[in-house]
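The structure appears below as C-alpha cells.
These figures come from a predicted structure and were not determined experimentally. Sequence positions, counted from 1, serve as the residue numbers for this chain.
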Amino acid sequence: QVQLVESGGGVVQTGDSLKLSCAASRSTFSTDHMGWFRQAPGKDREVVAIIDESGGWTRYADSVKGRFTISRDNGKKMLYLQMNSLKREDTAVYYCAANPVRSSTDRFLVEVWGQGTLVTVSS
C-alpha cells in the first residue's frame with residue numbers, strides 16, 4: 001500500500017551531482033501535481049520544487065534555482081530530482097510528495113508522503 005518510494009540518496013562531496021527518484025504506484029499519477037521537500041538537521045521541512053501533471057510547469061525554491069531540476073515520466077510513473085553543484089547546506093532527508101497544496105495557515109497539505117532518502121554533502 002506504499003504509494004511513493006524514494007531512492008538515490010547517498011554521500012557526496014561539494015560540487016558533485018546526484019539524481020533522486022520517486023517511484024509511484026498511484027493510479028492517478030498522471031494527473032497529480034508532485035513535489036520534492038527536504039528537512040535538514042535542526043531545520044523545518046521546506047519545499048524544494050513543484051511540478052504540474054504534465055511536467056510543463058515547475059517552481060523552485062530560491063536556494064536551488066539553477067542547480068536542481070525536477071522532472072517526471074508519466075509513462076513510467078516516476079518523479080526525478082536532478083541535483084547539481086551540491087552544497088553542504090543541501091544535506092537533508094528528501095521527500096517525494098503527491099499533490100502538495102499550501103494552506104491558509106502557510107503550511108503544506110500533502111496527500112501522500114514518501115519515506116524519504118538521505119543526501120549528505122561533505123567537503
| message | Give me the atom names and distance for the closest heavy-atom approach of S122 to V11. | response | OG-CG1, 4.4 Å

| Which distance, rounded to the nearest 0.5 Å, do you find between the CG of D52 and the CG of D32? | 11.5 Å

| V110 to A98 - nearest heavy-atom pair and separation | CG1-O, 3.6 Å

| task | Verify, without hydrogens or angle tests, whether Y60 (side chain) and I70 (backbone) share a donor-acceptor contact under 3.5 angstrom. | result | yes

| Heavy-atom pair of closest approach, residues L118 and A92 | CD1-O, 3.6 Å

| note | Closest non-hydrogen contact found for N74 with S54 is ND2-CA, 4.4 Å

| Relative to the ring of H33, is the ring of W57 parallel (under 30°), tilted (30 to 60°) or perpendicular (over 60°)? | tilted

| query | Hey, which of V112, L4, V5, L20 is the one that makes side-chain contact (heavy atoms from CB on, under 4.5 Å) with C96? | reply | L4

| note | Value for NZ (K65) from CZ (R59), rounded to nearest 0.5 Å, stands at 7.0 Å

| Salt bridge between D90 and K87, side-chain N to carboxylate O under 4.0 Å? | no

| message | Quick check: is V47 connected to W113 through a chain of hydrophobic side chains (ILVMFWY, heavy atoms under 4.5 Å apart)? | response | yes

| request: Rounded to the nearest 0.5 Å, what's the gap from CD on E89 to OG1 on T14? Could you check? | output: 9.5 Å

| query | Counting only N and O atoms by type, is there a donor-acceptor contact under 3.5 Å from the side chain of E46 to the main-chain atoms of R38? | reply | no

| remark: Interatomic distance, CD@Q3 vs SG@C22, rounded to 0.5 Å, equals 10.5 Å

| Do V119 and V64 sit in the same hydrophobic cluster, where Ile, Leu, Val, Met, Phe, Trp and Tyr count as joined when their side-chain heavy atoms come under 4.5 Å apart? | yes

| query | How are the rings of Y94 and F68 set relative to one another: parallel (under 30°), tilted (30 to 60°) or perpendicular (over 60°)? | reply | tilted

| field | Backbone N/O of R107 and side chain of S103: donor-acceptor pair under 3.5 Å | value | yes

| Does L18 reach the side chain of D16, with side-chain heavy atoms less than 4.5 Å apart? | no

| Think R72 forms a cation-pi with F29, using NZ or CZ under 6.0 Å from the six-ring centre and within 45 degrees of its axis? | yes

| query | Taking only residues two or more places apart in sequence or in another chain, which ones pass salt bridge (Lys or Arg N to Asp or Glu O under 4.0 Å) with R102? | reply | D106

Please set out all donor-acceptor pairs under 3.5 angstrom arising from side-chain atoms of residues 76-84, sequence neighbours excluded.
| from | atom 1 | to | atom 2 | distance (Å) |
| --- | --- | --- | --- | --- |
| K77 | NZ | S25 | O | 3.4 |
| K77 | NZ | R26 | O | 2.9 |
| Q82 | NE2 | N84 | OD1 | 3.0 |
| N84 | OD1 | S17 | OG | 2.9 |

